Amino acid sequence: MSQSHTQNDKNLNTLDPNWRSDALDLGLDYGMQTIAVRAGHHRTDEGEHSEAIFTTSSYVYASAADAAAHFNGSKTGNVYSRHTNPSVRTFERRLAALENGERAVATASGMGAILTMCLAYLKAGDHLLAANQLFGSSTGLFNNYMTKFGVEVSYVDCFDNDAWAKAVQPNTKVIYCESPSNPLAQICDIGYLSELCKANGILLVVDNCFATPALQRPLDLGADVVIHSATKYLDGQGRVLGGALVGSDKLMQDAFTVVRSGGISMSPFNAWVFTKGLETLKLRMQAHCQNANQVAEFLAHHPNVSTVHFSGLSDHPAHALATQQHHMQGGYGAIMGFEVKPQARSDGGINDAKAAAWHVIDATQMLSITNNLGDAKTTITHPATTTHFRLSAEARAEAGVKDSLIRLSVGLEDVADIIKDLARGLDSL
């Protein structure tokens with residue numbers, strides 16, 4: 001049974017009924033869309049149909065003894081909204097159910113979730129082994145701050161299973177990867193990494209931001225912890241910031257204590273936005289993927305595109321693995337990278353790769369030039385000079401982030417209009 005509603009009975013009481021059971025009995029084997037619409041919600045005495053927003057920093061108790069019982073843990077209930085909040089709890093329970101995890105812990109941002117992971121599961125002298133292919137801010141956090149506090153960090157190619165195995169050290173405590181990755185949408189073999197981790201007493205942490213539980217559930221594939229930037233597809237409309245971790249109750253308790261002590265907590269309003277976003281997640285991801293599959297085919301056949309990084313293409317090296325790991329038929333996500341070909345100039349020279357990529361981006365009239373993704377609106381960016389610009393040239397090269405690379409997050413507009421807008425720049429190179 002998933003969900004954090006499997007609480008210890010001795011820690012439950014009639015004053016805190018919302019902590020005792022989920023509004024939806026998850027033991028009845030409901031489908032994902034039903035869970036996305038109804039799980040985690042507890043109606044108040046007002047009988048509201050839509051989830052309420054609890055914009056309160058603190059809570060009132062029946063007596064001094066009741067307050068003490070809540071603070072010392074002999075009663076389960078709200079203490080302070082930096083710790084727990086009913087709106088945040090609804091989002092956490094719903095996301096945990098969708099990921100088939102026991103519990104989720106919400107954070108103020110996706111990077112807040114990654115920082116929470118580091119603080120909860122790593123200490124000085126430990127080794128973090130990560131994929132080369134990561135979001136630039138994740139690499140920056142690991143290299144600039146975790147190493148500062150005595151954590152050893154190293155990277156391997158996410159495709160290379162032998163490299164993963166060879167890079168494991170006696171002090172390796174966490175293996176971290178994105179699948180699909182940012183910005184090349186590369187795929188890790190989560191099942192293989194799970195076996196490697198279990199054989200060596202290592203935690204496997206998978207960033208599932210690009211796939212979401214609508215396409216992939218890493219916990220079912222053997223991961224220990226799932227990371228989300230809820231800012232992306234869980235919201236789906238680019239409105240608010242948030243993040244989350246999902247896993248076992250024990251691992252999430254470790255994460256929760258970090259959030260509680262460090263103040264990396266999600267706001268009630270943002271949690272409410274994410275909860276409403278989850279209601280349409282599966283439907284949106286189906287539409288995103290359908291559009292992305294067509295856009296990828298267009299790019300793959302365009303004469304001014306040299307490479308398309310998208311596992312939905314049949315000739316992609318990880319196509320079979322992505323098909324196996326993604327449970328939605330035809331669902332490969334909606335993030336892709338594509339590389340443009342520098343073109344000869346009239347003076348006989350060659351436009352450099354960055355100039356060619358910028359030309360394609362600047363020629364668009366509808367697409368949003370922004371670093372955000374997972375939005376209903378299609379977004380386009382140049383990773384080498386935006387999301388990954390703080391990395392050294394060597395680190396960008398290792399991650400495959402070339403000057404010719406453009407990242408596209410395919411939205412929900414008419415796909416013909418998306419293709420037409422991309423063609424403006426590609427056709428005029």
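In what follows, residues are counted from 1 in the order of the sequence shown. Quick caveat, the model's predicted, so the values are computed rather than measured.
Closest approach of Cys209 to Lys232, counting heavy atoms only: SG-CG, 3.3 Å. When all heavy atoms of Ala39 and Leu26 are compared, the closest pair comes out as CB-CD2, 4.4 Å. Taking every heavy atom of both residues into account, Gln186 and Phe159 meet most closely at CG-CZ, 3.6 Å. Residues Ser179 and Ala211 approach most closely at O-CB, 4.4 Å, considering heavy atoms. In terms of heavy atoms, Leu134 sits closest to Ala130 at CD1-CB, 3.9 Å. In terms of heavy atoms, Ala322 sits closest to Ser311 at CB-OG, 3.5 Å.
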Evaluation steps, side-chain hydrogen bond (donor to acceptor under 3.5 Å, both in side chains), between Gln237 and Asp375: CA-CA 5 Å; Gln237 296 183 54; Asp375 199 300; over 6 Å; no
Full working for side chain to side chain contact (heavy atoms under 4.5 Å, CB included) between Val225 and Leu204: CA-CA 6 Å; Val225 176; Leu204 175 57; over 6 Å; no
side-chain hydrogen bond (donor to acceptor under 3.5 Å, both in side chains) between His359 and Ser428, intermediate numbers included: CA-CA 9 Å; His359 171 82; Ser428 59; 2.8 Å; yes
CA sep, side-chain torsions, deciding dist, call: Tyr59, Ser81, side chain to side chain contact (heavy atoms under 4.5 Å, CB included): CA-CA 8 Å; Tyr59 304 88; Ser81 278; 2.7 Å; yes
Residue pair Tyr176, Ile227: steps toward the side chain to side chain contact (heavy atoms under 4.5 Å, CB included) verdict: CA-CA 10 Å; Tyr176 182 89; Ile227 295 281; 4.2 Å; yes
Audit row: Ile114, Phe135, side chain to side chain contact (heavy atoms under 4.5 Å, CB included) steps and yes/no: CA-CA 11 Å; Ile114 299 172; Phe135 177 44; 5.8 Å; no
Evaluation steps, side-chain hydrogen bond (donor to acceptor under 3.5 Å, both in side chains), between Tyr332 and Thr323: CA-CA 8 Å; Tyr332 298 93; Thr323 302; 2.7 Å; yes
Derivation of the side-chain hydrogen bond (donor to acceptor under 3.5 Å, both in side chains) call for Asn208 and Arg217: CA-CA 8 Å; Asn208 199 33; Arg217 284 189 287 259; over 6 Å; no
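At least one donor-acceptor pair under 3.5 Å links the side chain of Asn293 to the backbone N or O of Gly330. Between the side chain of Ser306 and the backbone N or O of Glu339 there is at least one donor-acceptor pair closer than 3.5 Å. Between the side chain of Thr56 and the backbone N or O of Ser58, at least one donor-acceptor pair lies under 3.5 Å. Of the possible donor and acceptor atoms, none in the side chain of Thr378 sits under 3.5 Å from a partner among the backbone N and O of Val410. Of the possible polar contacts, none joining the Ser154 side chain to the Leu129 backbone as a donor-acceptor pair under 3.5 Å is found. Side chain of Ser409 to main chain of Leu373: no donor-acceptor pair is present (N/O by atom type, distance under 3.5 Å, no hydrogens or angles). Formation of a donor-acceptor pair under 3.5 Å by the Ser109 side chain with backbone atoms of Gly112 is found in this model.
In this structure, Lys173 NZ and Cys197 SG are separated by 12.0 Å, a value rounded to the nearest 0.5 Å. To the nearest 0.5 angstrom, Leu245 atom CG is 10.0 Å from Leu95 atom CG. Between the CG atom in Leu422 and the CG atom in Leu367 there is a gap of 5.0 Å [rounded to 0.5 Å]. Atom NE2 of His316 is separated from atom CD1 of Ile187 by 7.0 Å, given to the nearest 0.5 angstrom. Between atom NE2 of residue His309 and atom CG of residue Leu408 there is a gap of 13.0 Å, rounded to the nearest 0.5 Å. Atom CG of Asp224 and atom OG of Ser248 lie 7.5 Å apart (nearest 0.5 Å).
Remark: Phe210 engages no residue in a ring pair (Phe, Tyr, Trp, His ring centres under 6.0 Å) (not counting sequence neighbours).
Counting only residues at least two apart or in different chains, side-chain hydrogen bond (donor to acceptor under 3.5 Å, both in side chains) contacts with residues 115-125 comprise Lys123-Asp126. Residue pairs meeting the salt bridge (charged side-chain N to carboxylate O under 4.0 Å, His left out) criterion with at least one partner in residues 178-200, sequence neighbours excluded, are absent.
Looking only at atom types and distance, the side chain of His42 has a donor-acceptor partner in the side chain of Arg93 under 3.5 Å away. In this model, no donor atom of one side chain and acceptor atom of the other lie less than 3.5 Å apart for Asn270 and Arg239. Side chains of Asp157 and Gln133: a donor on one and an acceptor on the other come within 3.5 Å.
Lys282 pairs with exactly one of Gln286, Met285, Arg284, Glu279 by the side chain to side chain contact (heavy atoms under 4.5 Å, CB included) rule, that one being Gln286.
In the displayed structure, Asp29 atom CG is contacted under 6.0 Å by at most 12 heavy atoms of other residues, nucleotides or ligands. Other residues, nucleotides and ligands place no more than 12 heavy atoms under 6.0 Å from the CD atom of Gln329. Counting non-hydrogen atoms of neighbouring residues, nucleotides and ligands closer than 6.0 angstrom, the OH atom of Tyr80 reaches no more than 12 such neighbours. More than 12 heavy atoms of other residues, nucleotides or ligands lie within 6.0 Å of NZ in Lys276, so this atom counts as buried by the packing criterion.
Look at Glu413 and Lys377 and you find no salt bridge, because none of the NZ, NE, NH1 or NH2 atoms lies under 4.0 Å from a carboxylate O. A salt bridge between Arg103 and Glu92 is absent, with no side-chain N of the basic residue lying under 4.0 Å from a carboxylate O of the acidic one. Between Glu51 and Arg94 there is a salt bridge, with a side-chain nitrogen of the basic residue lying less than 4.0 Å from a carboxylate oxygen of the acidic one.
Between His228 and Pro213, some side-chain heavy-atom pair lies under the 4.5 Å cut-off. With a 4.5 Å cut-off on side-chain heavy atoms, Leu203 and Leu251 count as touching. Looking only at side-chain heavy atoms (C-beta outward), Thr370 and Thr381 stay at 4.5 Å or farther from each other. Residues Leu141 and Leu115 are in side-chain contact: their nearest non-hydrogen atoms beyond the backbone lie under 4.5 Å apart. A 4.5 Å side-chain heavy-atom check between Pro86 and Asn78 finds at least one atom pair inside the cut-off. Between Met32 and Leu98, some side-chain heavy-atom pair lies under the 4.5 Å cut-off. Taking the side chain as every heavy atom from C-beta outward, Leu221 and Leu193 never approach each other to under 4.5 Å. A 4.5 Å side-chain heavy-atom check between Asp417 and Asp414 finds at least one atom pair inside the cut-off.
Ring-centre distance between Tyr233 and His288: below the 6.0 Å cut-off. Taking the six-membered ring wherever Trp is involved, the centroid distance between the rings of Phe310 and Phe338 does not fall below 6.0 Å.
Because its NZ or CZ atom is both nearer than 6.0 Å to the ring centre of Trp358 and within 45° of the ring axis, Lys354 counts as a cation-pi partner of that residue.
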